[in-house]
Peer 1: 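The following block contains the structure, expressed as structure tokens.
Quick note on labels: first sequence line is chain A, next is B, and so on, each numbered from 1. Computed from heavy atoms alone, side chains included, the values below leave out hydrogens, waters and symmetry copies.
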Protein chains: 2
Amino acid sequence: MDVKTLCLGLLSFRPASGYDLKKEFESLFKHFFPAGYGSIYPALADLATAGYVECEEIAQQGKPDRKVYAITPAGQSAFSQALAQANPRHKLRSEFLATIYFAELMDADQLHELLDNRLAELRDAIAHIDQVSNGDRDLPAGARFVAGFGATLAAAAAAYIEEHGAMLLKDARQDSRRAKRPRRAAQTNLETRV
Amino acid sequence: MDVKTLCLGLLSFRPASGYDLKKEFESLFKHFFPAGYGSIYPALADLATAGYVECEEIAQQGKPDRKVYAITPAGQSAFSQALAQANPRHKLRSEFLATIYFAELMDADQLHELLDNRLAELRDAIAHIDQVSNGDRDLPAGARFVAGFGATLAAAAAAYIEEHGAMLLKDARQDSRRAKRPRRAAQTNLETRV
DNA sequence: TTAGGCATGTAAAGTGTTACATGATTTG
DNA sequence: CAAATCATGTAACACTTTACATGCCTAA
């Protein structure tokens with residue numbers, strides 16, 4: 001399942017332009033399947049070439065034509081097949097964890113910042129998901145499941161960092177260049193919560 | 001932080017061959033930063049060209065020379081800089097969740113299989129992490145944090161699927177072509193646990 | 001008047017995945 | 001006897017990311 005297939009799937013709900021699709025990617029998909037214009041526009045062009053979608057151009061004043069894509073019967077069946085495909089993957093690549101792995105080589109301030117940033121991102125993600133899923137009262141079951149999944153995992157990640165972040169700090173280097181400055185880290189979420 | 005940088009980081013602990021590094025990637029990194037030979041070998045070649053590592057070739061009988069790479073001072077400082085870099089990302093791309101998003105377009109058997117497969121993968125991941133981290137009693141703090149993080153999140157994901165998987169099944173299509181067969185799904189983890 | 005939203009795309013660069021290619025030794 | 005482990009790498013392919021390129025309208 002690549003961006004192209006996902007676009008096709010979204011078009012199976014309703015016709016949309018590339019711009020519209022980008023907004024959908026920004027809302028729920030943002031945290032588990034991000035995509036930018038650079039992926040979406042070429043994907044739509046490919047889908048049109050394959051005959052899976054049809055494009056209606058709507059002229060506008062002062063803006064480029066709005067190109068609204070609609071799925072075709074061929075597209076519907078192609079998407080069904082894609083859904084039925086055996087093994088959808090769940091790929092994670094975390095530079096955050098890779099960095100933490102080398103915690104002993106970092107000084108305490110660096111580590112603090114790293115953990116705090118990640119915590120902030122996780123809280124933003126949770127807020128974002130809540131906002132998106134509360135905005136739409138009757139979200140379909142699939143969307144609700146996905147939103148709940150995302151929020152739950154983000155909460156678990158945040159809780160883990162809060163509970164276990166301290167164990168990294170103990171071992172971390174005290175960087176002499178920084179030790180004399182008042183500890184900026186003292187005001188962080190981490191310190192106040194752990 | 002790409003595969004190249006991570007290889008450099010691993011070499012900062014001890015010298016190793018590409019084959020050795022692959023094994024390290026298979027152990028703890030497997031679930032949050034996977035890499036294959038196709039990434040590792042070119043990475044080592046690039047690092048050597050950049051002067052960040054040095055290679056000692058050890059002749060062997062019946063096997064290609066074993067090339068053991070060791071980090072250089074230049075490599076050490078390059079890696080330190082990479083660690084200090086502000087914003088390590090945490091990238092997720094889940095075809096699993098993308099598929100679930102379209103749950104209403106799938107029939108119940110398909111969904112069951114999908115959820116069960118994912119549950120099985122999560123349990124394997126947890127078992128794998130436990131095995132790896134119990135194998136080594138005095139794992140450094142960074143590694144312990146990462147292992148715990150992975151196991152915790154996998155457990156949270158599994159729990160979420162067990163608790164909320166049923167809400168997808170209710171809405172799912174009953175596929176008439178399959179309805180008459182004895183329900184294979186009846187023996188799954190999901191059914192017995194939810 | 002400035003920032004943000006609307007609206008399209010292209011091109012190059014960067015990365016990673018998969019398949020290919022080879023072959024001896026050890027373990028069950 | 002078969003499968004796994006040891007051991008290296010290349011080449012093609014796929015895919016995404018980022019930067020570039022353009023330009024009007026609306027709301028604060």
Peer 1: Do A/Tyr41 and A/Phe33 land in one hydrophobic cluster if side-chain heavy atoms of ILVMFWY residues count as linked below 4.5 Å?
Peer 2: no

Peer 1: For B/Glu121 and B/Arg118, run salt bridge (charged side-chain N to carboxylate O under 4.0 Å, His left out): C-alpha distance rounded to whole Å, both residues' side-chain angles, the deciding distance at 0.1 Å, then the answer.
Peer 2: CA-CA 5 Å; B/Glu121 279 172 15; B/Arg118 187 76 202 121; 2.6 Å; yes

Peer 1: Take the C1' atoms of the five end pairs on each side of the helix from C/dT1-D/dA28 to C/dG28-D/dC1, get both axes, and report the angle to 10 degrees.
Peer 2: 60°

Peer 1: If only side-chain N and O atoms of B/Gln60 are considered, is one of them under 4.0 Å from the OP1 or OP2 phosphate oxygen of D/dA7?
Peer 2: yes

Peer 1: Where the side chain of B/Thr72 meets the backbone of B/Tyr52, is there a donor-acceptor pair that is under 3.5 Å apart?
Peer 2: yes

Peer 1: Indicate whether OP1 or OP2 belonging to C/dA7 is found under 4.0 Å from a side-chain N or O atom of A/Ser17.
Peer 2: no

Peer 1: Which nucleotide wins on minimum distance to the side chain of B/Tyr37, given the candidates C/dT10, D/dT8, D/dT16?
Peer 2: D/dT8

Peer 1: In whole angstrom, give the distance that lies between atom CD1 of A/Ile58 and atom P of C/dC6.
Peer 2: 16 Å

Peer 1: Nearest-Å distance, NZ (B/Lys23) to P (D/dT8)?
Peer 2: 10 Å

Peer 1: 5'-most contact on DNA chain D: A/Pro34 or B/Lys67, nearest heavy atom basis?
Peer 2: B/Lys67

Peer 1: Of all the choices, D/dT8, D/dC6, C/dT8, which nucleotide is nearest to the side chain of A/Arg66 once you look at every atom?
Peer 2: C/dT8

Peer 1: Can you tell me if A/Thr5 and A/Asp2 form a side-chain donor-acceptor pair at under 3.5 Å?
Peer 2: yes

Peer 1: Ring-plane angle category for B/Phe96 and A/Phe145, please: parallel below 30°, perpendicular beyond 60°, tilted otherwise.
Peer 2: perpendicular

Peer 1: Hey, is the side chain of B/Ser39 poking within less than 4.0 Å of OP1 or OP2 on C/dT15, counting only N and O atoms?
Peer 2: no

Peer 1: Please give, in whole Å, the distance from C/dG9 C1' to A/Glu57 CD?
Peer 2: 13 Å

Peer 1: Rounding to an integer number of Å, can you tell me how far A/Met1 CE sits from C/dT17 C1'?
Peer 2: 19 Å

Peer 1: A/Tyr41 has an atom OH; how far is it from atom P of C/dT8, in whole Å?
Peer 2: 4 Å

Peer 1: May I have the distance from B/Lys91 (atom NZ) to D/dT16 (atom C1'), rounded to whole angstrom?
Peer 2: 8 Å

Peer 1: May I have the distance from A/Ile40 (atom CD1) to D/dT18 (atom P), rounded to whole angstrom?
Peer 2: 14 Å

Peer 1: Do the charged groups of B/Lys30 and B/Asp124 touch, with an N to O distance under 4.0 Å?
Peer 2: no

Peer 1: Determine the contact category for A/Arg93: base if any of its heavy atoms lies under 4.0 Å from a base atom, sugar-phosphate if only primed atoms, P, OP1 or OP2 are that close, otherwise nothing.
Peer 2: sugar-phosphate

Peer 1: Nearest to the side chain of A/Tyr19, heavy atoms from C-beta on, is which of D/dT16, C/dT8, C/dG16?
Peer 2: C/dT8

Peer 1: Of the nucleotides D/dT8, C/dG16, D/dT16, which one has an atom closest to the side chain of B/Val3?
Peer 2: C/dG16

Peer 1: So, for B/Phe32 and B/Phe149, is the gap between ring centers shorter than 6.0 Å?
Peer 2: no

Peer 1: Without decimals, in angstroms, what is the distance between A/Arg89 CZ and D/dA14 C1'?
Peer 2: 17 Å

